[in-house]
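Since we're looking at a predicted model, the values are computed, not measured.
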Amino acid sequence: MVSKRQFLGRRGWTWHLLISVLALASTACRAAAQIPPPLPPVSAGVNDRFIDVTRQAGIGFTHQFCHDGIMNILLSNGAGGAVFDYDNDGFVDLYLLNWGPLDGVTKRGLKVAREPNRLYRNRGDGTFEDVTARAGVAGTGFASAAATGDYDNDGFEDLYVACFGANQLLRNRGDGTFDDVTTQAGVADAKGTGISATFLDADGDGSLDLYVANYLTFDPSTISEQNPGAYPGPLAYPGEADVLFRNRGDGTFEPITQNAGLYAPMHRGMSVSAFDCDRDGDPDLYVSNDDTPNGLWLNDGKGQFHDAGLELGVALNSIGEAPGSMNATLADANNDGWLDLFVTRFGYGSLYVRQEGGHYLDEMWRSGLGRLTQNHVGWGGSFIDFDNDGDPDLFIVNGSAFTLGGTLSLLLENDGEGRFSDAGKEGGAFFATPIDGRGSAVLDFDNDGRLDLLATTLANRPFLLRNRGEQGSRNHWLKLDVRDRHGRVAYGALITVEGGGRTWNTEVLCPTGFLMQGDTRVHLGLGSASKVDRLEIRWPGGGTRTLHDVAVDQIRMALN
C-alpha cells in the first residue's frame, strides 16, 4: 500500500519429494514474473536470541507473486495466515495463505496456476508436516488474511479466509479435515476486497459473530493524477464498507452492518482488532484504515456500536494526521492495568496509551517509537514479552510499499514504563537481514514458555523464528488456554494475575492484526515471581473463576 528441519525412511523421502515439487512450481511462476528466488536460511550467531528454523521445521512455503514488481496498490499488501491448534493436541499449527493470478491486478498474460494455501501440522518435536491436501484447505482466489474461531461451538477452531473477492469459511470437522461451508453460512462477501477478519460475540448470545474488514474498490484503469507514472494511492479509489455477520446459531450468518451502527462506506480498512476497550464485559472493535481516520467502535453490550475514535483520541496520530495505518496490537505497555494500542503506519508508528477517563494519548515521542519507526513502512506489528520480564516488547515487520528488495525488521524492548529501545542486536542476525515483511504473529510452537515469532513476506518465504532465550535467565511465565463451557477459546475473557508484588491485566483475544492471527493462548511473563498468588478469570457473559497459589512455568487449561 502506498500510505506503507533430516528425516529417514519413507516419511523423509515423501516430505522431500513434496517440497521439491512445490519448489519447481514456485520457481516456474517466479521465473515467468521475473521475481528473485526465496531468501536462504539466516545463519544465527552464537548469542542470538531468535534463530531462523523455517527450513529445519519443514516449512517449505513461498508466497506466490504473479507480477514483475509492485505495480498497483493491491500488490503492495501481501498475504498472511493464522496460528491455531486445529487438532486440539496442545501444539499450535500454521496456516499460510497464497495469491494467484487475478485479472486487472496481476501480470497480464501470465499463464500460471494458483498455488495452494498451506496447512502445517505441528508434530510437537519442533517440526511440521504439510497436511493441506488431507485437510482440504488449499483454498481459492487471491487470499489475504485468516482468522480462527469456533463458530459452531463444537470445540474445534474453524477457519475464515479473507480474499479479494469471495471469502471462505472452512468448518473444522474435528477429524483433521475441513468442510467449505461458505455458501450455506452466507459469509462470502463476494464483491469485497477482504483484508482482515476477526471473531467476536458482539451481542452476547454465546455464538461467535464475524467482522470482515474490506480495503477499497479497485479499478485497474485508475491513474495517478498527482504522481504520473506511479500507481495511485488509496484515496484515488472509493472506500469500501466493512461487514459484520451475526451468527444465528444454526450454522448460518446474516449481515447486520448497518443495523449494528457499523456502516462506514468511505473507510479503507487494513486490519481489525476486537477487545474490551472499557472492560465492561463486551467486545469493542478497532479498525485500522489506510489514509482514513481509524475507528474505535464501542459496543453497548447488545451489539450496537458507535465510532468514538475521534472523541477518544485514536483516530488520528499525535499531529492530527491519518497516515496509512496497517495494524493494531494490544497490550498494557506501561503496566497501569489497561490495554494500550500500538499502530503500525507508513512512517511514524503510534502508541495510544489509555488515560484516566478512557481517553488515549499518542505517546509516539515519549515512548521513543516515533524515532524508532520513522524511517520504515511498518506492516505487521506484535507485542511480545520476549524475555518474560513482565513487560510487553514489540516486533515490527517492515517493507517497502513500492519495490521488492527488503528492509530491516525491528525488535524493540520495553523498559516497563512504556519507553522502548532497539534490541535488534540481542535479537540476532534476522534483524540485520532485509526482508519484504508483511504479516507478523507471536506464538510458542515448541511449548517451552519462550515466545517465538512468525513473519510472512511479499513474494518470498516466511520466517519462523525460535526464541532460544539466554543463558541463566530466571524469569518465570504462565500460559493459559482459556476455554468456555463449549470448549471454545473464550474470546473476551478478562484476566487478572497477581504475583511477586505485581498485577497484570490482560484479555483472551482473537489476536488478529495485519493479515495475520497469532497464538490465542494468553502468555504472561512473570519476571522473578515464583508463583501466582491469585488468578482471576472474568468470563464473557458474566461470572468469575478465581484460583490461588498457581504454579508458574506451565501451560494450564482454564475451563469455565
Side-chain angles (χ1 to χ4, degrees), residues 3-4 267 270-280 283-299 305-376 378 380-385 390-396 410 412-422 494 502-507 509 511 513-514:
S3 47
K4 40 209 125 321
H267 285 194
M270 292 297 285
S271 67
V272 58
S273 302
F275 75 114
D276 189 349
C277 170
D278 43 13
R279 294 182 73 86
D280 64 352
D284 309 299
L285 289 162
Y286 187 78
V287 181
S288 300
N289 292 310
D290 192 1
D291 271 9
T292 311
N294 298 340
L296 177 55
W297 299 88
L298 297 184
N299 189 344
F305 295 81
H306 75 277
D307 186 3
L310 283 170
E311 173 191 349
L312 298 184
V314 293
L316 309 172
N317 66 11
S318 65
I319 54 177
E321 296 178 335
S325 299
M326 284 73 139
N327 175 96
T329 182
L330 300 151
D332 182 3
N334 60 350
N335 292 304
D336 68 351
W338 292 93
L339 292 185
D340 309 304
L341 301 94
F342 173 74
V343 175
T344 56
R345 296 189 187 273
F346 193 103
Y348 306 100
S350 290
L351 179 64
Y352 296 109
V353 177
R354 196 181 192 279
Q355 310 295 300
E356 289 187 14
H359 289 75
Y360 292 80
L361 181 66
D362 183 1
E363 296 191 353
M364 68 160 73
W365 301 117
R366 188 199 75 87
S367 68
L369 291 172
R371 174 181 58 81
L372 291 162
T373 62
Q374 62 181 334
N375 296 322
H376 299 278
S382 303
F383 276 115
I384 172 176
D385 187 356
D391 308 313
D393 312 301
L394 273 170
F395 172 59
I396 305 170
L410 297 173
L412 308 177
E413 186 169 12
N414 189 344
D415 69 354
E417 297 182 0
R419 291 184 293 262
F420 292 81
S421 59
D422 188 350
L494 301 175
R502 295 180 61 179
T503 299
W504 294 268
N505 288 299
T506 188
E507 183 176 342
L509 300 169
F514 182 66

Can you measure from CG (L351) to CG (L341) and round to the nearest 0.5 angstrom? 8.5 Å

Check ring pair (Phe, Tyr, Trp, His ring centres under 6.0 Å) between Y352 and all other residues, then give those that pass, not counting sequence neighbours. none

Any sub-3.5 Å donor-acceptor pair from Y286's side-chain atoms to V314's backbone N or O? yes

May I ask you to test the Y348-N317 pair for a side-chain heavy-atom distance under 4.5 Å? no

Close side-chain approach of W338 to D332, heavy-atom, < 4.5 Å: no

Classify the ring geometry of F342 against F383: parallel below 30°, tilted from 30° to 60°, perpendicular beyond 60°. perpendicular

Spatial distance of atom CD1 (I384) from atom CD1 (I396) [nearest 0.5 Å]: 12.5 Å

Which heavy atom of L296 sits nearest a heavy atom of C277, and at what distance? CD2-SG, 3.9 Å

Taking N327 for its side chain and T344 for its backbone only, find out whether a donor-acceptor pair lies under 3.5 Å. no

For the pair E413 (side chain) and F420 (backbone), establish whether a donor and an acceptor sit closer than 3.5 Å, ignoring hydrogens and angles. no

Distance col, row L361:CG vs S350:OG, nearest 0.5 angstrom, shows 10.5 Å

Does R279 reach the side chain of N505, with side-chain heavy atoms less than 4.5 Å apart? yes

As a test of understanding, state which of D415, D385, L412 forms a side chain to side chain contact (heavy atoms under 4.5 Å, CB included) with D393. D385

Donor-acceptor check, side chain of R371 to backbone of M364, threshold 3.5 angstrom: yes or no? no

Find out whether S318 and W365 are in side-chain contact, i.e. whether some heavy atom of one side chain is under 4.5 Å from a heavy atom of the other. yes

Smallest heavy-atom separation, A328 atom then S271 atom, equals N-OG, 3.9 Å

Answer yes or no: is there a donor N or O on one side and an acceptor on the other, between the side chain of Q374 and the main chain of L372, under 3.5 Å? no

Side-chain contact, heavy-atom cut-off 4.5 Å: V287 with W297? yes

Taking salt bridge (Lys or Arg N to Asp or Glu O under 4.0 Å) as the test, write out the residues that go with D284, two or more places apart. none

Could you tell me whether the side chain of S325 reaches within less than 4.5 Å of the side chain of N289, counting heavy atoms only? no

Using 0.5 Å steps for rounding, measure from the CZ atom of R345 to the CG atom of L369. 12.5 Å

Applying the side chain to side chain donor-acceptor pair (under 3.5 Å) test to D391, which of N414, N334, N335 qualifies? N335

Could you grab the distance from atom OH of Y360 to atom CD of E311, nearest 0.5 Å is fine? 12.0 Å

If every non-hydrogen atom of A322 is compared with every non-hydrogen atom of P293, which pair is closest and at what distance? CB-N, 3.8 Å

Could you tell me the separation between the CG atom of L410 and the CG atom of L394, rounded to the nearest 0.5 Å? 9.5 Å

Whether T373 side chain and G349 backbone form a donor-acceptor pair below 3.5 Å: yes

Which atom pair, heavy atoms only, marks the closest approach of M270 to D290? CG-CB, 3.8 Å

Looking only at non-hydrogen atoms, find the nearest pair between G418 and S367 and report the distance. O-CB, 3.2 Å

H267 side chain near D307 side chain, heavy-atom distance below 4.5 Å: yes

All heavy atoms of A308 vs all of L298, minimum pair found to be CB-CD1, 3.8 Å

